[in-house]
Amino acid sequence: MAHVLASELRESVYIAAISGKLTTQNPDDLSAFELLESLKRKKEELVKSKSIYKKKPTDPLYTKDQLDELNIPDNWCFAQLSDVSLIQEGAGIRKWQYRDNGVQLLCVTNILDGQVDLNKKHLYISKEEYEEKYKHLTVNKGDIVSSCSGGSWGKTSFYNLDDIIMMNTSTLRLRFFGDLANNNYLYMITKSNWFKKQLQDQLSGMQPNFGYAHYSRIMLPLPPIEEQARIVARVDELMAKIDEYEKLENELVELKKNFPGDMKAAVLQAAMQGKLTEQLKSDSNITLQKCNYPDEDAIPFDIPESWMWCSLKNVANNIGGFAFKSTNFTEKGTRVIRISDFNELGLVNNKIVRYEYNDKLSNYLIQNQDILMCMTGGTVGKNYYVQDLKEDCLLNQRVACIRAKNVDSEYLNLVIKSPFVQQLIVNNKNSTNDNISMDLINNFPIPLPPIEEQQRIVEKLDKLLPLCDALCEGLYGR
Amino acid sequence: MGNYSTFIKRLQDIMRNDAGINGDAQRIEQIAWILFLKVYDIKENDWELDEENYDSIIPEELRWRNWAANKSGKELTGSQLLDFVNTKLFPTLKTLPVTKDTPIKKSIVRTTFEDTNQYMKDGVLLRQVINIIDDIDLTDNEDIHAFGEIYETILKDLQSAGNAGEFYTPRAVTDFMVSKIDPKIGDKMADFACGTGGFIISWLNALHPQVKTANDSRLYDNSIYGIEKKQFPYVLCVTNLLLHGIDTPNIYHDNSLAKDVLDYTEEDKFDKILMNPPYGGSEKADIKSHFPDDIASSDTADLFMDVIMYRLKDNGKCAVVLPDGFLFGTDNVKTNIKKKLLSEFNLHTVIRLPGSVFAPYTSIATNLLFFDKTGPTSETWFYRLDMPEGYKHFSKTKPMKREHFNPCDEWWDNRVEIMDEKPHEDATQTYKAKKYTIQDFVDNGYNFDLCGYPVEEKVILSPEETIKQFIAKRDSLDKQMDEKLKEIMDLLGVE
C-alpha cells in the first residue's frame with residue numbers, strides 16, 4: 001500500500017466530515033434551516049441589547065456553484081460565519097499601556113494549536129483600564145480563540161482556563177451565538193483547509209492580517225445540531241488514529257533520512273578495519289619505522305595483522321596557517337584560504353581575499369592532495385581534499401593543512417572522514433568550545449595497511465561511497 | 001608446556017610463513033585437526049587401559065603415536081610428510097567405515113575429518129607445527145584440564161577472526177545463562193547450534209560440583225547434546241569436549257532445521273536448552289517447509305526459536321541469545337512466533353545486553369531471553385545491563401567478564417523497578433528494569449523493544465548489519481503504518 005501523508009489524510013477526513021460523508025443523516029434530526037434562523041435571530045437580539053456591535057454586512061466568499069461542489073446532504077444548509085458566530089477582534093493595545101501586573105493580555109504567542117499557554121508571553125494592562133474600556137474583550141471559557149495575523153496565523157484553541165484575560169491585537173474569538181449550535185463542530189472546522197483557504201484566498205499579496213472583514217465572509221456547512229455532535233465524535237476518533245499514524249510516518253522519514261549517512265559511516269569503518277579488502281601476502285611490508293603507537297585505550301578497533309596503528313604525524317606533515325591580519329588583505333595578490341573559503345566540496349568563491357606574496361610565506365602555500373581542516377568555530381572539523389587548484393593559495397590561521405608523506409593521500413582522506421576520527425573531533429570540540437588543536441590532529445590514530453592495500457581500499461570506496469549517496473534519491477517514495 | 005601466549009605465538013610464527021594459510025580463521029582450522037588427533041590419541045591411551053579389546057577405528061600406521069609423535073630422526077617431514085597427510089591420512093580418515101552402531105567416540109574421527117581442510121603447503125613447517133603440538137604434555141587429567149583452558153583461549157581468538165566469530169559466545173555470557181537455568185544431575189541439556197561448545201562447557205562446569213557418585217558421573221557424561229552444521233566449529237567442539245573429560249561427545253554434525261518439527265516426540269525433548277543461534281541468515285523454502293506456515297520465517301534465528309519451542313520438555317527451562325531484530329521485529333511471522341512463545345511458555349525475563357559484547361566480531365545488540373514450559377506468560381521482567389564503570393565498550397583487549405553481570409545477579413532474586421534519570425523535565429520516563437504484562441505486549445504490537453539503551457554515541461555496525469537493521473526497521477514501520485491505515489479505513493467503513 002502506498003503511504004499517504006498524515007496531513008493529506010487529515011484534510012480528507014475534514015472534507016468528508018463537513019460534507020456529511022462520515023455520518024448518516026437522520027431524518028428525525030431537528031431542522032438545520034431552522035437552526036440557521038434561530039442563530040440569526042439570536043444575533044439580532046444581541047445587537048439590539050448592545051452586547052455586540054453591529055457591523056457592516058459582507059458578501060459570502062463562495063458562490064452558490066462553488067458551494068454546490070461540496071455536495072452536502074439535503075437536510076443541511078450553508079451559513080455565513082458572521083450570521084451564526086461571534087467574530088470579535090482584540091484591541092490594539094499600545095506599549096505605554098503595559099503594566100507589570102493586572103489583567104493579562106491574550107497575544108498571538110499565547111495561542112498554540114489546541115491549547116492556550118499563558119506562560120508563553122506576559123503582557124498586562126491595569127485592572128482599572130480593563131474595567132473601564134475593555135471588558136467586552138474578555139475571553140470567556142468556551143470561546144474559540146484564534147491568531148489572525150503574522151506567520152503563525154490560523155492557530156485556534158478553546159479557552160478553558162480560569163484566568164481573566166482579554167484579547168490583544170492580532171487575536172480574535174469565535175463562538176456560536178448563544179451557543180445554539182455545537183462549538184466543537186465550529187472548532188473542528190477552523191482546523192480544516194476548507195476554513196483556512198477561505199481566509200488565504202482573501203490575502204492577495206499582503207501580509208497576513210485578518211480581521212472581521214475576512215472572517216465574516218467564511219461559509220460553512222451547517223448540519224442539524226444532533227449530527228454536529230456525531231460528526232465531532234467521528235472526527236475525534238479518526239484524528240487520534242491519524243496522529244498515531246503520523247508518529248510512525250515521521251519515524252520512517254527520519255529512518256530513511258539517516259540511512260545513507262549510516263551506510264557511509266559503516267562502509268568507511270569496515271574499510272578502516274580491513275574488512276572490505278583482502279590482505280594479500282604479496283603486499284609489501286610496512287616500512288614505517290618511527291611510529292608513535294596510540295596507547296591501548298585509544299585504539300578504537302582491531303586491525304589485520306599486516307597493518308599497523310600509527311599517529312597522523314607519522315604519515316603526514318601537518319601545519320596550521322599563517323596569522324594574516326585581515327586589515328592587510330588586498331584586492332590583488334595571492335589568494336588566502338580562510339575557514340570561510342572552503343567546505344567539504346571545494347573552495348568557496350564568494351568573497352575572495354588576497355595578500356601580497358613574499359618568499360617567507362612559501363611554507364604556507366597549499367598543494368593539490370593536501371587535506372584542509374577547519375580548527376575553530378561552528379564548522380570545526382570540516383575538511384576538503386584539495387584538487388584542481390587554479391592558482392596559488394595561502395593557508396590562513398586556524399585552518400590546518402594535512403600533507404601525506406608516507407601514505408596514499410586519498411586513503412588518508414578517507415581515514416580523516418571515517419566515523420572514528422570524526423567522533424574524536426566531536427568529543428574534543430565539545431569540551432573546548434569548538435576548537436581543536438594541532439596536537440589533537442597530529443595524534444589522530446591512523447590504521448595503516450600496506451601501500452597496495454591502501455590503494456585497493458581507495459578503489460573500493462570510490463565505487464561504494466557514491467552508491468551510498470545515491471540511496472538518498474527516490475527513498476521518499478516507495 | 002609453557003603458557004598460552006608462547007604456545008600460540010610459536011604456532012603463529014611458523015604458520016605465517018606457509019603459503020597455504022590465509023588469515024586467522026584458517027590458522028585455527030589447521031591447528032584444530034592436528035590438536036584433535038593429538039588429544040584423541042591421549043584419550044585412546046585411557047580407553048585402552050579401561051577396556052579389554054579396545055580397537056582404534058584409525059588404522060595403525062595413521063595413528064598419531066605412529067607418525068606424528070617425536071621419534072627424533074625417523075619421523076616424516078618435508079614433502080614426504082605432506083604426501084602422507086594429503087594422500088593417505090586425510091582420504092582414509094574421511095572415509096572410515098562408520099555405521100549407526102559405531103560408538104560416538106569412534107565415529108567422531110570420521111565426522112571430524114569429513115569436511116576438514118589441510119591448508120599447509122610446506123611439509124617442513126607442518127612438521128614443526130606437529131612437533132609443537134606433540135610437545136603438549138597431556139599425561140594426566142590436570143594437564144588436560146589446564147590445556148582445556150588454553151584451548152578455550154584459542155577459541156576466543158575466533159572472535160577476531162572475521163566471520164568465524166559467529167561460532168563463539170563469550171564465556172561470561174554462557175556462564176551467566178547457565179547459572180540462571182538451574183542445572184541438576186539428571187537433566188538433559190541441548191544446544192542446537194552449539195558452535196565451539198561454549199554453553200555445553202559452561203553447563204558441565206556448573207554441573208560438575210554436583211557429581212558425588214558413580215551414577216552421578218554417568219548422568220553427567222550423558223547430560224549433553226549438541227548439533228553443529230558447520231565443519232570447523234564441529235571439530236573444535238568435539239575436541240573441546242574431549243579435553244573436558246567427555247569421552248563420548250554427543251555432538252552431531254547436522255542441520256537442526258532440516259527436520260519436520262511436527263515429527264519430534266518426547267524422546268527428542270530436553271529439560272534444559274541453551275543457545276546462541278546464528279542471526280541474519282536467510283533460509284530457503286526447503287528448510288522452511290519443515291515448519292508450520294505461520295511460523296516459517298526466512299530468518300534463521302526465528303526458526304531456531306521454533307525448534308526450541310518444539311523440543312522443550314514440560315517444566316523445562318530455556319535461555320537463548322537473540323538479536324534486537326527479534327525483539328522489535330513485527331512482521332507477521334515474528335509476531336506469530338512471539339505469540340506462540342507467550343501463550344505456550346512463560347517468558348519471565350529478558351536481559352538486554354550492550355552492543356559490544358561480541359566485539360570485535362560484531363557490534364550488534366543482543367538480548368538474553370529466559371523462559372520455561374510451565375504455562376503461558378502473564379508478566380515479563382525486562383532488565384537492561386549497562387556498561388560497567390570504566391568501560392566505553394568491550395574489545396579484544398578488554399572483553400566482558402562474568403563479574404560484569406553482578407548488578408544483574410543482585411537484581412535477579414530481588415526484582416524491583418528501576419527508573420532511569422530523566423535527561424530533562426519534559427522527557428518521557430524510561431526504565432532500566434520494569435515488569436510488563438501480556439496486555440502491554442499486545443498494545444505495543446508485540447514489539448519487545450523495552451528498557452532499551454539511551455541513545456548516546458552512535459554504534460557503527462558492519463555494512464551488512466546496517467542494511468539488515470534498516471530493512472528490518474523500515475519493514476516494521478511499514479507494517480505498523482499499514483495496520484494503522486487499516487484501522488482508519490475500518491473506522492471509515494471502507495472495505
Side-chain angles (χ1 to χ4, degrees), chain A residues 1 3-4 6 9 12-13 16 21-22 234 237-238 240-242 244-249 251-256 258-259 261-271 273-276 278-281 296-297 299-306 418-420 423 426-427 464 468 471 475 478, chain B residues 12 16-24 27 157 159-163 165 356 359-361 363 390-393 395-398 445 457-494:
Chain A
M1 210 192 321
H3 286 298
V4 183
L9 207 48
S12 63
V13 166
K21 310 279 188 306
L22 287 187
R234 290 281 279 143
E237 248 187 334
L238 285 161
K241 284 265 182 272
I242 294 176
E244 288 167 20
Y245 174 80
E246 188 170 44
K247 271 211 199 94
L248 293 169
E249 198 174 41
E251 258 188 78
L252 187 62
V253 167
E254 188 71 17
L255 183 75
K256 287 180 173 174
N258 291 331
F259 183 55
D262 288 347
M263 269 317 287
K264 279 175 87 162
V267 163
L268 276 168
Q269 189 86 332
Q273 295 173 308
K275 289 186 178 172
L276 294 186
E278 268 186 73
Q279 285 74 58
L280 298 180
K281 285 244 168 55
E296 276 283 324
D297 288 327
I299 292 185
F301 46 78
D302 297 310
I303 50 177
E305 272 175 37
S306 54
S418 301
F420 76 99
Q423 190 63 44
V426 165
N427 291 344
L464 277 173
C468 294
L471 288 169
L475 263 187
R478 189 178 175 242
Chain B
Q12 262 179 355
R16 188 168 290 141
N17 291 318
D18 189 300
I21 303 271
N22 275 318
D24 292 336
R27 179 165 45 77
D157 269 351
Q159 270 197 289
S160 12
N163 287 336
S356 51
Y361 164 58
S363 45
Y391 281 74
K392 271 178 71 183
H393 46 80
S395 67
K396 182 168 165 176
T397 43
K398 281 173 107 178
E457 213 177 272
K458 197 98 209 283
V459 173
I460 311 278
L461 300 174
S462 75
E464 294 82 4
E465 285 162 351
T466 306
I467 292 175
K468 286 203 177 110
Q469 197 177 77
F470 168 76
I471 290 179
K473 282 205 179 119
R474 179 197 66 190
D475 289 350
S476 169
L477 282 171
D478 276 341
K479 182 187 174 246
Q480 288 177 64
M481 283 161 75
D482 282 346
E483 276 172 4
K484 197 57 67 177
L485 287 177
K486 180 162 186 315
E487 282 173 44
I488 293 174
M489 295 221 288
D490 284 344
L491 276 183
L492 289 167
V494 176

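Values below: every heavy atom of this structure, side chains too, minus hydrogens, waters and symmetry copies. Below, chain A is the first sequence line, B the second, and so on; all start at residue 1.
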Novice: If I measure from the heavy atoms of chain A, does B:Leu461 come under 4.5 Å with its side chain, its backbone, both, or neither?
Specialist: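 Interface part for B:Leu461: backbone (N, CA, C, O).
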Novice: Are side-chain heavy atoms of A:Leu471 and A:Phe259 found at a separation under 4.5 Å?
Specialist: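 The answer is yes, as the side chains (C-beta and beyond) meet within the 4.5 Å cut-off.
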Novice: Contact part of A:Leu22 toward chain B, heavy-atom cut-off under 4.5 Å: side chain, backbone, both or neither?
Specialist: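 Side chain only.
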Novice: Using a 3.5 Å distance criterion without hydrogens, assess whether the side chain of A:Gln279 forms a donor-acceptor pair with backbone atoms of A:Pro304.
Specialist: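 Side chain of A:Gln279 to backbone of A:Pro304: no pair is present.
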Novice: List in chain and number order the residues that pass side chain to side chain donor-acceptor pair (under 3.5 Å) with A:Gln269, two or more places apart in sequence or in another chain; answer none if no residue qualifies.
Specialist: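 Once residues adjacent in sequence are excluded, A:Gln269 has no partner under the side chain to side chain donor-acceptor pair (under 3.5 Å) criterion.
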Novice: Quick check on A:Lys241 against chain B: is it the side chain, the backbone, both or neither that has a heavy atom closer than 4.5 Å?
Specialist: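 Both parts, backbone and side chain.
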Novice: Answer with side chain, backbone, both or neither: which region of A:Glu278 has an atom nearer than 4.5 Å to a non-hydrogen atom of chain B?
Specialist: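 The answer is neither part of A:Glu278.
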Novice: With a 4.5 angstrom heavy-atom cut-off, could you sort out which part of B:Ile21 is near chain A: side chain, backbone, both or neither?
Specialist: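 Interface part for B:Ile21: backbone (N, CA, C, O).
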Novice: Please identify each residue that fulfils side chain to side chain donor-acceptor pair (under 3.5 Å) with B:Glu464, with sequence neighbours left out.
Specialist: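 Residues passing side chain to side chain donor-acceptor pair (under 3.5 Å) with B:Glu464: B:Ser462.
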Novice: A:Leu280 versus chain B, heavy atoms under 4.5 Å apart: side chain, backbone, both or neither?
Specialist: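 When you check distances to chain B, no heavy atom of A:Leu280 falls under 4.5 Å.
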Novice: Do B:Thr466 and A:Val267 come within less than 4.5 Å of each other through their side chains, counting heavy atoms only?
Specialist: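 Heavy-atom side-chain distance check fails, nothing below 4.5 Å.
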